[in-house]
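Take a look at the structure set out below.
Not measured: the values here are computed from a predicted model.
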Amino acid sequence: TQKSLMNKQQIEIFQSDSSLPKSLKVELGNGVAITLQNTICLSVKVEGNVPSKKNQKQIIWSKRLQRSFIIPSKNHKDWHTMALYQLKMDAVRPLMLSSVQLIILRLSAPSLRKYDLTNKSESVMDLLVDYGLLEDDNSDIVPLLLLVKEPKSKTGFFEAQIYTQS
């Protein structure tokens, strides 16, 4: 396995080398596993608490267009900008994947407070699309998405394991 360290503390990418196995068994947890054919795995990890894109939205008024818009919170916008910047600074190549077999999204928060996994996952999936790792996050491109709540961590994080055909 080839390892490319992007940001020494915040983001790591792991990509399988050219000697790929014919099939890859992926352990999903609780004794469940699936086998994927001709697959490579790309893993992206970003430290920091992932904010929900849906919560605390702001309403702004455009004088020019004479209408209002609903935009994500400042907290979400700041996180999104920081994560995009980290990916760009570390020269992660946008792959624009148009076909993915499976994405396992692991999320951890810096507190024991309850949160909605699906809301946070939308933030991460939008980040992956905006950066260019995925062409889109619709169900034709990402037919299988597994969300995993990880135990509390000091800063929180997300890790996306993207399984795609080689």
* Structure fact -> Taken to the nearest 0.5 Å, the spacing of L145 CG from I162 CD1 works out to 10.5 Å

* To do: Please list all pairs passing the side chain to side chain donor-acceptor pair (under 3.5 Å) test where one or both residues lie in residues 142-157, with sequence neighbours left out.
  => E47-T155, R106-E150, S108-S153

* Asked: Of L134, L42, L133, L144, which is the lone residue that meets side-chain contact (heavy atoms from CB on, under 4.5 Å) with V100?
  -> L134

* Structure fact -> One should read off an interatomic distance between Q37 CD and T39 OG1, to the nearest 0.5 angstrom, of 7.0 Å

* **Shortest non-hydrogen separation from K45 to F157 and the atoms involved** => CE-CD1, 3.8 Å

* In terms of hydrophobic clusters joined by side-chain contacts under 4.5 Å, are V46 and L117 together? -> yes

* Mind jotting down which residue pairs meet the salt bridge (Lys or Arg N to Asp or Glu O under 4.0 Å) criterion with at least one end in residues 120-146? Sequence neighbours excluded, please. => K53-D126, K54-E122

* Asked: Given the rule that I, L, V, M, F, W and Y join up when any side-chain heavy atoms are under 4.5 Å apart, are L146 and V32 in one cluster?
  -> yes

* Should the heavy atoms of other residues, nucleotides or ligands under 6.0 Å from CG of L65 be counted, would the total exceed 12? -> yes

* **Crowding at CD1, I60 (>12 non-hydrogen neighbours, <6.0 Å)** => yes

* Asked: Hey, what's the ring geometry for W79 with H76, parallel, tilted or perpendicular (30° and 60° as the breaks)?
  -> tilted

* Closest contact, heavy atoms only, T164 versus Q101 -> C-OE1, 4.0 Å

* Asked: Does S99 reach the side chain of Q165, with side-chain heavy atoms less than 4.5 Å apart?
  -> no

* Asked: Just by modelled atom types, is the S121 backbone N or O under 3.5 Å from a matching donor or acceptor in the S123 side chain?
  -> no

* **Nearest non-hydrogen partners of I141 and S98, listed with the distance** => CG1-O, 3.4 Å

* Do M96 and L128 belong together in a cluster built from hydrophobic side chains that touch within less than 4.5 Å? -> no

* If you round to the nearest 0.5 Å, how far is CD1 of I34 from CG of L102? -> 4.5 Å

* Asked: Can you check whether S62 reaches F69 side chain to side chain, under 4.5 Å on heavy atoms?
  -> yes

* Sequence neighbours left out, what pairs pass salt bridge (Lys or Arg N to Asp or Glu O under 4.0 Å) with at least one residue falling in residues 62-73? => none

* Student check: side-chain heavy atoms of E159 and S43 closer than 4.5 Å -> yes

* Evaluate the side-chain proximity of M125 to V142: yes if any heavy-atom separation is below 4.5 Å, no if none is. => yes

* Picking from V44, L147, L105, what satisfies side-chain contact (heavy atoms from CB on, under 4.5 Å) with V124? -> L105

* Examine F158 and Y131 and state if one hydrophobic cluster contains both, with Ile, Leu, Val, Met, Phe, Trp and Tyr joined whenever side-chain heavy atoms are less than 4.5 Å apart. => yes

* For atom OH of Y85, decide whether the heavy atoms of other residues, nucleotides or ligands shown that lie under 6.0 angstrom number more than 12. => no

